[in-house]
Amino acid sequence: MSPVNTNAFDPPKAGPWVAIGWLSFAFFVFTQVFAVMTSPADAMMGHLQKMMYVHVPAAWVTFLAFGIVLVASLYFLMKEDERADLLAASAAEVGSLFCGLTLVLGMLWGRPTWNVWWSWDARLTSTLVLFLIFVGYLALRSFVEDPQRRGQWSAAVGILGAINVPIVWMSVRWWRTLHQIQSNPRGLSPEYLRGLLLNVAAFTLLCIWFIQRRYVAARYERAAEHASQAAALGGNDE
Amino acid sequence: MTSKKTKWGALVAVGVLAIAFGWLIYGGLDSNVVYFLTPKELAAKGEKGYDVPVRLGGQVKPGSVVWDDKALDLRFAVTDGTGEIAVHSKGAPPQMFKDGQGVVVEGRYGRDGVFQSTSLMVKHSNEYKAPKAGERPAEMYKSLMKSTKT
């Protein structure tokens, strides 16, 4: 009996991704230090304003990651390309991480400014729902054995979850909330806006890098899954 | 291999689920969840507005803040420009609390016309501005606490 055929799997090349990873981390450290060092205390909330440089970018890349889940899930349902399923799963995992981070950082910011860690307003509640849907998405994937089914079911949940993103975004305008509405560039002093945009860029790079790394790992996992299934069925005949 | 038919069936199912889900969230929240009432709305509830857990939101009416730092007793009025309701709260106010600041208070509206607050929250704006020359945020808070002592 020949060893399990791995020729069918062409592992994605690391290529420039190692360098992109290091540069993203270095850029992130720079933008954080730069933003904190160059911005004065806010007239209202003092240095608590610095939370802006982590909470807001984390929320932004959460939306980005779940947007990737939406596009990849739709593509998977139409083309049945398993790579799209793996990309959706990778983006969902990274998105969940940043969504959890957004919630925790928001709570840390809310306690000293709003005077509470948490309140059940529409923005906070809808963000928690978004987080829980994607935790459910990840749980679902680990429960379904058949890759085809797993892909279809999780694509459905991923699309439903992503529909929440515009709801979370609009929640502060559709309903009365404790959370303030989105800031716009005119409402921010330039020294805050500069640091914020730089950090959004840094978080975006990191998010894409995380998703890429996770996607490569998922490709290897899937190849191993196919190989073990082929072995269980009596070897690789093709 | 899945046929074309099941593929489109799955897509339609997802579409239907998505619409149902969106309607549930949006429709449900829209009709049931009003995070806070304005002073005018709470007053308009009449009998039904008294002695039930409710959130009241608006601005701290300038000049209405009375702070007793010995008894940690805070009184102020919440206004929405048209109506106003007197609020009583225990404990030190949060750092950002001041005249004209947006606030949301949780508690019960008493028949004596005073809202007894159990939780005082600050609702701040979406603007972030560096202080003007000579202003120091920490000192602004201290001077506020001094000026509101009685």
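Letters A, B, ... mirror the listed sequences (proteins, then strands); counts begin at 1.
The distance from the CZ atom of Arg141(A) to the CD atom of Glu93(A) is 9.5 Å, given to the nearest 0.5 Å.
Per-residue heavy-atom pair counts under 4.5 Å with chain B were compared for Leu193(A), Leu178(A), Ile181(A), and the maximum is reached by Leu178(A).
Glu191(A) touches chain B through its side chain: at least one heavy atom from C-beta onward sits under 4.5 Å away, while N, CA, C and O do not. Residue Met170(A): no heavy atom, backbone or side chain, is found under 4.5 Å from chain B.
Taking the six-membered ring for Trp and thresholds of 30 and 60 degrees, Phe134(A) and Tyr137(A) have ring planes inclined between 30 and 60 degrees apart. Classification of the His124(B)-Trp109(A) ring pair by plane angle, with boundaries at 30° and 60°, yields tilted. Taking the six-membered ring for Trp and thresholds of 30 and 60 degrees, Phe63(A) and Trp169(A) have ring planes more than 60 degrees apart, a perpendicular arrangement.
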